[in-house]
**Q** 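Take this structure, written in structure tokens, and hold onto it; I'll ask about it next.
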Amino acid sequence: MTENSGPVLIVGGGIGGLAAALALAQKGCPVQLLEQALEFNEVGAGIQLGPNVFRMFEVLGLTDAVSGYAVFPENLIMLDAITGEEVTRVPLGEGFRAKFKYPYALIYRPDLLNVLLEACRKVDLIRLDTSQKVVAVEQHADDVTVRTEAGRTYTGAALIGADGLWSTIRQIVVGDGKPQVAGHITYRAVLPTTEVPEHLRRWSMTFWAGEKVHFVIYPLRGGELYNLVAVFHSNRYEEGWDSFGDPAELHERFAKTCEPVRTLLGKIESWRMWVLCDRPPIKDWSRGRITLLGDAAHPMLQYLAQGACMAIEDAVCLANRVEETQRNFPAAFAAYQQARYLRTGRVQIMARVYGEFYHASGVARELRNLMLGARTPEQAFEAMEWLYGEDFGPTGYGRVFQSSDVSAP
Ligand SMILES: Cc1cc2nc3c(=O)[nH]c(=O)nc-3n(C[C@H](O)[C@H](O)[C@H](O)COP(=O)(O)OP(=O)(O)OC[C@H]3O[C@@H](n4cnc5c(N)ncnc54)[C@H](O)[C@@H]3O)c2cc1C
């Protein structure tokens, strides 16, 4: 295969695409990123960041910038949505940080995207073009060419599809059709703190788990805002993304929940709705000089709050493989997916399991509350080790990163 010093083309300028651009440029690799939207944009909602992604922020030199916008909650608190009783709380202070070396954080999505965007804009090796929706791809022996809807063509040494759940590039590489509709609907909204009743303002990630529903609230932006997420089961929707929801259905689904949940639901007039989708894990998402990253490669339900974290881990891992193979892209992409597929597959599978767990009914709900209620913080930390720990768990698919992926540069 001939060496090609052209840029890496990245399709998609979400969290994953921008993280990949930055990670590759930090390894000296030129990047041309193509985003279909008029401008770089994220949903006006919150996102949770586990300690595993802070390890990546350190590699990317973003820890201070992210921390400047983040809220560091005191606890993860789970309550029963019907009785209102607390089931369990995981303290996120000193013990958690001592265990995982990095914090747990909550951040407003546009702030996280802007941190990545600003970092990319400071690097000469990165070119960012908006209004460029990629519609066609051709792979040759030593380069890749894409055509955009606007009629432009771009040629690069390799291509990364970071184009999300509905990825066009995945259909070229994997060709497995539409993602699977989970039958779970999410409504999201953000409230100014002044509109959240004082007794419900907690410096914590708080959620109520009910029968086929759950409700989440947490502070953002130094406590200026609260992020609200309501999830329920429904087979009424086939597919969809980011449309306005029907509050009547929302209130009907949460009718059996306790007072704090219904009070908070009542505060929101306009909710945005997502029909949740994922895919079963696969182990091969590369073809020669083309690979996938983030939701395009391994879309997952949100129940472990890890989709964006996994995309950023992908970016760091991929850039390291590109460096190690001296830009032999087919070899780098094969090594990258080999390093990633068990970890991301495990998160995809466990996210589904957690979805069932949070929405349990009857005996399963009682058992869940008993089991979680009996856990000590140390036992809770042990259960999180595979996801947040430095070695990514002692389970056999342990150290899926090489040491160069996780140490500071
Ligand atoms: C309700 C909910 C809550 C969540 N909570 C969390 C959480 O707490 N923590 C967490 O880590 N994750 C969370 N996630 C998951 C997280 O949002 C996603 O995994 C993450 O945003 C995926 O990033 P991405 O860059 O891979 O894809 P996307 O963010 O979807 O970005 C893809 C980009 O590609 C562009 N694009 C698409 N097609 C083309 C094309 N043909 N040409 C050019 N550009 C194109 C799009 O415009 C978009 O900008 C949550 C998800 C949901 C739905």
Side-chain angles (χ1 to χ4, degrees), residues 9-21 32-43 45-54 56 76 104-110 112-113 116-117 128-137 146-150 152 154 159-172 179 182 184-189 205 207 214 216 218 220 227-231 240-242 245 271-278 292-315 344 347-348 351 355 387:
L9 306 177
I10 298 180
V11 182
I15 289 168
L18 289 171
Q32 169 69 66
L33 186 144
L34 305 168
E35 166 56 44
Q36 66 182 2
L38 218 58
E39 50 190 43
F40 294 96
N41 222 333
E42 253 294 346
V43 182
I47 194 162
Q48 302 175 55
L49 300 171
N52 55 313
V53 76
F54 273 89
M56 304 303 117
L76 301 176
Y104 197 96
L106 311 167
I107 194 167
Y108 193 53
R109 280 170 180 264
L112 176 60
L113 194 84
L116 289 161
L117 191 56
L128 303 169
D129 287 1
T130 51
S131 305
Q132 296 300 333
K133 177 176 181 173
V134 171
V135 290
V137 178
V146 300
R147 190 164 45 77
T148 69
E149 204 172 51
R152 287 184 65 172
Y154 295 82
L159 182 143
I160 299 169
D163 50 344
L165 178 66
W166 302 96
S167 170
T168 301
I169 308 303
R170 184 178 177 113
Q171 290 324 307
I172 293 160
H184 299 188
I185 311 298
T186 289
Y187 280 53
R188 294 199 280 197
M205 201 294 286
F207 75 101
H214 85 271
V216 181
Y218 56 78
L220 291 172
N227 189 56
L228 277 64
V229 185
V231 184
W241 190 249
D242 190 8
W271 293 86
R272 304 204 82 156
M273 182 188 87
W274 279 257
V275 178
L276 297 183
C277 298
D278 71 350
L292 305 175
L293 177 146
D295 276 6
H298 41 67
M300 53 189 65
L301 301 180
Q302 88 251 25
Y303 300 116
L304 287 176
Q306 278 288 324
C309 299
M310 287 297 125
I312 298 170
E313 283 189 4
D314 284 351
T344 54
V347 182
Q348 284 173 288
L387 188 54

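Counting convention: from 1, in listed order, for ligands and their atoms alike. Quick caveat: nothing in here was measured; it's all calculated off a predicted structure.
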**Q** N/O to N/O below 3.5 Å, does that happen between Gly307 and ligand 1?
**A** yes
**Q** Within a strict 4.5 Å, meaning less than it, do heavy atoms of the Leu106 and Met205 side chains meet?
**A** yes
**Q** For Thr186 and Gln302, does a side-chain donor sit closer than 3.5 Å to a side-chain acceptor?
**A** yes
**Q** Quick one: list whatever passes side chain to side chain donor-acceptor pair (under 3.5 Å) with Asn41, sequence neighbours left out.
**A** none
**Q** Within the structure, is a non-hydrogen atom of Ala162 found at a distance of less than 4.0 Å from ligand 1?
**A** yes
**Q** Purely on distance, is any nitrogen or oxygen of Asp295 under 3.5 Å from one on ligand 1?
**A** yes
**Q** With atoms numbered from 1 as shown, which atoms in ligand 1 lie under 4.0 angstrom from a non-hydrogen atom of Thr168?
**A** 41 (N)
**Q** Answer yes or no: does an N/O atom from Leu165 fall short of 3.5 Å to an N/O atom of ligand 1?
**A** no
**Q** Below 4.0 Å from any atom of ligand 1, is there a heavy atom belonging to Cys309?
**A** yes
**Q** What are the atoms of ligand 1, with element, lying closer than 4.0 Å to any heavy atom of Val11?
**A** 40 (C), 42 (N), 43 (C)
**Q** Looking only at heavy atoms, is any part of Leu34 under 4.0 Å from ligand 1, and if so is it the side chain, the backbone, or both, or is it neither?
**A** backbone
**Q** Judged by atom type as modelled, is there a donor-acceptor pair below 3.5 Å linking the side chain of Glu39 to the main-chain atoms of Thr130?
**A** no
**Q** Could you check if a side-chain atom of Tyr154 sits within less than 4.5 angstrom of a side-chain atom of Thr148, using non-hydrogen atoms only?
**A** yes
**Q** Distance alone, cut at 3.5 Å: any donor-acceptor contact between the side chains of Glu313 and Asn52?
**A** yes
**Q** Output yes when the distance from some N or O of ligand 1 to some N or O of Glu35 is under 3.5 Å, and no in every other case.
**A** yes
**Q** So, regarding Leu276 and ligand 1 (criterion: nitrogen or oxygen to nitrogen or oxygen, under 3.5 Å), is there a contact or not?
**A** no
**Q** On a heavy-atom basis, I'd like to know which of Arg109, Gln48, Glu42, Gln36 is closest to atom 13 (C) of ligand 1.
**A** Arg109
**Q** Do side-chain atoms of Asn227 reach the backbone of Gly46 as a donor and acceptor pair under 3.5 angstrom?
**A** yes
**Q** Is there a donor-acceptor pair closer than 3.5 Å between any side-chain N or O of Asp314 and the backbone N or O of Gly294?
**A** yes
**Q** Measure the shortest side-chain to side-chain distance between Pro299 and Arg170 over non-hydrogen atoms and say whether it is less than 4.5 angstrom.
**A** yes
**Q** Which of the atoms of ligand 1 are close to Gly294, meaning less than 4.0 Å from one of its heavy atoms?
**A** 26 (O)
**Q** Within the 4.0 Å heavy-atom shell around Ile15, which atoms of ligand 1 are there?
**A** 25 (O)
**Q** Any non-hydrogen atom of Gln132 lying under 4.0 Å from ligand 1?
**A** yes
**Q** First locate atom CG of Leu117, then atom CG of Leu128, and finally report the distance between them rounded to the nearest 0.5 Å.
**A** 6.5 Å
**Q** Can you name the residues that form a side chain to side chain contact (heavy atoms under 4.5 Å, CB included) with Arg147, not counting sequence neighbours?
**A** Val135, Ala136, Thr153
**Q** Could you list which atoms of ligand 1 come closer than 4.0 Å to a heavy atom of Gly14?
**A** 25 (O), 31 (O), 33 (C), 49 (O)
**Q** Would you mind finding which of Arg188, Glu313, Met273, Arg272 brings a heavy atom closest to atom 2 (C) of ligand 1?
**A** Arg188
**Q** Heavy atom to atom 10 (C) of ligand 1, shortest distance: which of Ala305, Ala136, Ala311 holds it?
**A** Ala305
**Q** Is it the side chain, the backbone, both or neither of Thr186 that has a heavy atom closer than 4.0 Å to ligand 1?
**A** side chain
